[in-house]
Amino acid sequence: MLSSIETIIMWAIQIYTWILIIYILMSWVPNARDSSFGRFIASLSEPYLEPFRRFIPPVGMIDFSPIVAFIVLNWLVPRGVHFLFTFFY
């Protein structure tokens, strides 16, 4: 039972990673973020990316904060979830 919950959390992390990738790629297409789909993806992505932007400001026109956000989301969070679930096994 617990391993399936852990698996669901890991799948949610992967889905959220793809949402972030779509959001970042939409910045390359003019006016894509102004569409209803773009605003929906922004409403899902910005709450997570905003704290990283406070600590890592953009350098010129390049924003490096999503890179750190990806590392945290795909490296630290899965290990933290796995560490928490090891207490219950």
Side-chain angles (χ1 to χ4, degrees):
M1 175 71 182
L2 288 176
S3 66
S4 62
I5 293 172
E6 184 179 0
T7 302
I8 291 170
I9 292 172
M10 295 302 179
W11 273 102
I13 290 170
Q14 291 302 314
I15 291 170
Y16 195 71
T17 298
W18 279 106
I19 290 171
L20 291 176
I21 290 170
I22 291 168
Y23 181 67
I24 291 166
L25 290 178
M26 288 176 75
S27 69
W28 295 355
V29 179
N31 298 328
R33 288 185 176 176
D34 295 332
S35 66
S36 60
F37 179 73
R39 287 191 301 268
F40 174 70
I41 295 292
S43 69
L44 295 175
S45 303
E46 281 298 326
Y48 178 69
L49 293 175
E50 184 63 31
F52 292 100
R53 287 195 179 115
R54 275 190 248 140
F55 294 111
I56 307 166
V59 178
M61 293 179 61
I62 300 173
D63 186 10
F64 291 104
S65 61
I67 296 170
V68 177
F70 278 117
I71 291 170
V72 170
L73 185 64
N74 288 299
W75 195 78
L76 287 180
V77 172
R79 280 157 182 76
V81 168
H82 183 72
F83 179 74
L84 287 175
F85 276 90
T86 55
F87 286 119
F88 298 112
Y89 289 134

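Numbering starts at 1 and runs along the sequence shown.
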Calculate, to the nearest 0.5 Å, the distance between atoms [atom1] and [atom2] belonging to [X] and [Y] respectively.
X: Gln14; Y: Asn74; atom1: CD; atom2: CG; result: 5.5 Å
X: Ser27; Y: Met61; atom1: OG; atom2: CE; result: 9.5 Å
X: Arg33; Y: Ile24; atom1: CZ; atom2: CD1; result: 8.0 Å
X: Asp63; Y: Phe52; atom1: CG; atom2: CZ; result: 11.5 Å
X: Ile21; Y: Phe70; atom1: CD1; atom2: CZ; result: 4.5 Å
X: Leu73; Y: Leu20; atom1: CG; atom2: CG; result: 6.5 Å

Please say yes or no: joined through hydrophobic side-chain contacts below 4.5 Å, possibly via intermediate residues, are [X] and [Y] part of one cluster?
X: Val29; Y: Phe37; value: no
X: Ile62; Y: Phe55; value: yes
X: Ile9; Y: Trp75; value: yes
X: Ile13; Y: Ile15; value: yes
X: Trp18; Y: Trp11; value: no

Do [X] and [Y] have side chains that approach each other closer than 4.5 Å (heavy atoms only, starting at C-beta)?
X: Ile41; Y: Ile19; value: yes
X: Asp34; Y: Asn31; value: yes
X: Leu44; Y: Tyr23; value: no

- [ ] Take the angle between the ring planes of Phe87 and Phe83 and call it parallel below 30°, perpendicular above 60°, tilted in between.
- [x]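 Aromatic pair Phe87/Phe83 classed perpendicular.
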Open item on the list: Please confirm whether the ring centroid of Tyr48 lies under 6.0 Å from the ring centroid of Tyr16.
Closed with: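 Yes; Tyr16 has its ring centre under 6.0 Å from that of Tyr48.
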Identify the heavy atoms of [X] and [Y] that sit nearest to each other, and give their distance.
X: Met26; Y: Gly38; result: CE-CA, 3.2 Å
X: Ala42; Y: Pro47; result: O-CD, 4.0 Å
X: Met10; Y: Pro78; result: CE-O, 3.3 Å

Task: Glu46 with Arg39: basic N within carboxylate O range, under 4.0 Å - done: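 Salt bridge: no.
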